[in-house]
A.B. asks: 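Below is a structure I'd like to ask you about.
None of these values were measured; they are calculated from a predicted model.
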Amino acid sequence: MSAAELCRLSLDEAAELVKRREASPVALTEAALARIDQLNPILNAFITVTAESALEEARAAEREIAGGRYRGPLHGIPLSLKDLYCTKGVRTTGGSRLLRDFVPDEDATAARKLRESGAVLLGKNAMLELAYGEEHPDYGATRNPWDIEFGTNGSSSGSAAAVAAGLGYGSLGSDTGGSIRLPAAWCGIVGLKPSYGLVSRAGVLPLSWSLDHAGPMTRTVRDCALLLQAIAGYDPADPTSSRRPVPDYTAELDRVPRDLTAGVFAAEPDDGVLPEVRAALDAATQALRDAGISVREVRQPHPEQAARALLALLYAEASSYHLPWLRQRPDDYSANTRERLELGALLPATTYLSAQRARRTIIAAYQQLMREVDILLTPPAPTASYRLGGASIAPVGPEGDRMGRLIRFSGPFDLTGLPAIAVPAGLTGEGLPLGVQLAARPFAEATLFQAAQVVEQALKDRLPRPESGLVV
């Protein structure tokens, strides 16, 4: 099998070949590193590439597997990490000037679990500065593999581009308002924001303690389930970590869950959803119906209030974390990030407390909705990708706000902690990916994966790979 063919495989396909010893971890790693050498200067998907150590890890995996010590489906599989996961001996920049030379003494828990699963670490992915909505000029923008004139959204921008372009078989991102799901949708891959507390955030640079989630980004739903399996579970180093047992996410993945009810968010006059995005949602709705899943229309609970509450919490918590640096090294932030942090530092406690009260009301509304349906189906965002250097296509709200509108559909699931996944669902007229989002009850990831795979399989032909271009 050629290097190009190896890079086109899904994680699951690559793992099967490694398990049967029909492909070696060294061959997979060499192919991925060669593709990174070729495409990263164009895409800017990696900040740091750990080629030498990756090959050492691949050789070690190969020896273990040859000796009968196969650890499981991630053994010998090349993966990457968003550059806010601490990695022992490998710099962790957070996409910022503040941390450009920071080399941690230990791994984040999720990174350690990947290593224990035998995965090969290719390097650290590009991201928006400190996961806060802007790329720092020291690092620049990540380009969309489907069309390099377009962006990937953020903040897990490099992770999405790397997975989409075949620069490894998966990545870990982080999501505070949509930063896994939005880049995944805009790059034509799968991205999961797990239930709050399912995946440890110990060793992950924080943005907002009560909103941050760590999760997988992959090319398929099955790959996503395999990656989640490796990183989920209780961690005493993370006080928000859940003690719930972790199920086998692939055990019944192929079972069509005909006894489910799905609620589809009804169109609202002010939701800003473009017709192409709505058409992708309609196709996903029909896919669920065709699979025997009951579908009905529901109203999104408190969409504007949810976005406002999330932003108030985010601004306050981010500024609280960054206050020492903001006072001592203000010039090391980009202008827009510094402005947001300064605004957050000025928010009165009454605003933060009001946002927490609103959050409780919004959580109660979603709890009631999830008693009526098992799955929610929504757009990930109102639009698809944007042209780099051009005006944002995110709709402007009545108060001049773009961020609130962009996270209208993604943000509520960070606010409530419900699991949500983005799945590819088609292309725009310009040939850019569109996705849909599915959400479920807390810790119902197994059911969520089942429904997501139904949509994935039904709509996969709506994303024809271009004959030319960067995407494999």
A.B. asks: Using 4.0 Å as the upper bound for N to carboxylate O, is an ion pair formed by R112 and D107?
C.D. replies: no
A.B. asks: Going by atom types only, do T48 and R91 share a side-chain donor-acceptor pair under 3.5 Å?
C.D. replies: yes
A.B. asks: Is any side-chain N of the basic residue among D414 and R181 closer than 4.0 Å to the acidic one's carboxylate O?
C.D. replies: yes
A.B. asks: A side-chain contact here means heavy atoms from C-beta on lying under 4.5 Å apart; do L415 and L313 qualify?
C.D. replies: yes
A.B. asks: List the steps and the verdict of ring-ring contact (aromatic ring centres under 6.0 Å, His included) for W186 and Y386.
C.D. replies: CA-CA 9 Å; W186 289 13; Y386 56 92; 5.7 Å; yes
A.B. asks: Could you tell me whether the side chains of R340 and Y333 share a donor-acceptor contact shorter than 3.5 Å?
C.D. replies: no
A.B. asks: Taking the side chain as everything from C-beta on, heavy atoms only, tell me whether L377 gets closer than 4.5 Å to L281.
C.D. replies: yes
A.B. asks: After noting the C-alpha distance and the side-chain angles of T250 and R222, does the key distance pass the side chain to side chain donor-acceptor pair (under 3.5 Å) rule?
C.D. replies: CA-CA 7 Å; T250 61; R222 180 174 292 276; 4.9 Å; no
A.B. asks: With distance as the sole criterion, is a donor-acceptor pair present between the side chains of H322 and Y132 under 3.5 Å?
C.D. replies: no
A.B. asks: Under a 4.0 Å N-O cut-off, is there an ion pair linking K82 with D175?
C.D. replies: no
A.B. asks: Is there a donor-acceptor contact under 3.5 Å linking the side chains of S334 and T337?
C.D. replies: yes
A.B. asks: Between CG of L314 and CG of L207, what distance do you get to the nearest 0.5 Å?
C.D. replies: 5.0 Å
A.B. asks: Looking at every non-hydrogen atom in both residues, tell me the closest pair between L388 and A141 and how far apart they are.
C.D. replies: CD2-CB, 4.2 Å
A.B. asks: Run the numbers on Y196 and H213 for side chain to side chain contact (heavy atoms under 4.5 Å, CB included), then give the verdict.
C.D. replies: CA-CA 6 Å; Y196 188 81; H213 299 70; 3.5 Å; yes
A.B. asks: Going by heavy atoms in the side chains, are V190 and L192 under 4.5 Å from each other?
C.D. replies: no
A.B. asks: With distance as the sole criterion, is a donor-acceptor pair present between the side chains of N125 and S159 under 3.5 Å?
C.D. replies: yes
A.B. asks: Are the side chains of S80 and S171 in touch, meaning some heavy atoms are under 4.5 Å apart?
C.D. replies: yes
A.B. asks: Evaluate D105 against K88 for side chain to side chain contact (heavy atoms under 4.5 Å, CB included), listing each step before the verdict.
C.D. replies: CA-CA 5 Å; D105 294 328; K88 183 178 181 179; 5.8 Å; no
A.B. asks: Going through the checks in order, is the side chain to side chain donor-acceptor pair (under 3.5 Å) test met by T240 and D238?
C.D. replies: CA-CA 5 Å; T240 67; D238 179 355; 2.7 Å; yes
A.B. asks: For residues G154 and L128, report the shortest heavy-atom separation together with the two atoms involved.
C.D. replies: CA-CD1, 3.6 Å
A.B. asks: Quick one about E445 and S195 (side-chain donor to acceptor, distance below 3.5 Å, no hydrogens or angles considered), yes or no?
C.D. replies: yes
A.B. asks: More than 12 non-hydrogen atoms from neighbouring residues, nucleotides or ligands closer than 6.0 Å to CZ on R243, yes or no?
C.D. replies: no
A.B. asks: Do S410 and L182 touch side chain to side chain, with heavy atoms closer than 4.5 Å?
C.D. replies: yes
A.B. asks: So, are R115 and E57 salt-bridged, with charged N and O less than 4.0 Å apart?
C.D. replies: yes
A.B. asks: Any side-chain heavy atom of V18 sitting closer than 4.5 Å to one from L28?
C.D. replies: yes
A.B. asks: What are the two closest heavy atoms between G95 and I47, and how far apart are they?
C.D. replies: CA-CD1, 4.1 Å
A.B. asks: Does one side chain, of E317 or S210, offer a donor that lies under 3.5 Å from an acceptor on the other?
C.D. replies: yes
A.B. asks: Just so I know, are the side chains of T87 and L81 near enough to count as touching, which here means a heavy-atom distance under 4.5 Å?
C.D. replies: yes
A.B. asks: Between D212 and K193, is the salt bridge (charged side-chain N to carboxylate O under 4.0 Å, His left out) condition met? List the steps.
C.D. replies: CA-CA 9 Å; D212 291 345; K193 183 207 76 64; over 6 Å; no
A.B. asks: Please check if atom CD in E106 has more than 12 non-hydrogen atoms from other residues, nucleotides or ligands closer than 6.0 Å.
C.D. replies: no
A.B. asks: Checking side chain to side chain donor-acceptor pair (under 3.5 Å) for the pair K124/T93: CA distance, chi angles, key distance, verdict?
C.D. replies: CA-CA 9 Å; K124 309 297 287 295; T93 72; over 6 Å; no
A.B. asks: Would you kindly say whether N144 and T152 are connected by a side-chain donor-acceptor distance under 3.5 Å?
C.D. replies: no
A.B. asks: Which of parallel (below 30°), tilted (30 to 60°) and perpendicular (above 60°) describes F413 and F265?
C.D. replies: parallel
A.B. asks: State, without any angle test, whether D223 and T218 hold a side-chain donor-acceptor pair at a distance under 3.5 Å.
C.D. replies: no
A.B. asks: Indicate whether the side chain of Q356 and that of Y352 have a donor and an acceptor atom separated by less than 3.5 Å.
C.D. replies: yes
A.B. asks: For A108 and Y85, work out which heavy atoms get closest and say how close.
C.D. replies: CB-CD2, 4.2 Å
A.B. asks: Mind listing the closest non-hydrogen atom pair of A45 and T142 along with its distance?
C.D. replies: CA-CG2, 4.3 Å
A.B. asks: Does a donor on one side chain and an acceptor on the other come within less than 3.5 Å for K113 and S200?
C.D. replies: no
A.B. asks: Is D270 salt-bridged to R408, cutoff N-O under 4.0 Å?
C.D. replies: yes
A.B. asks: What pair of heavy atoms forms the shortest contact from I407 to L310, and how long is it?
C.D. replies: CD1-CD2, 3.7 Å
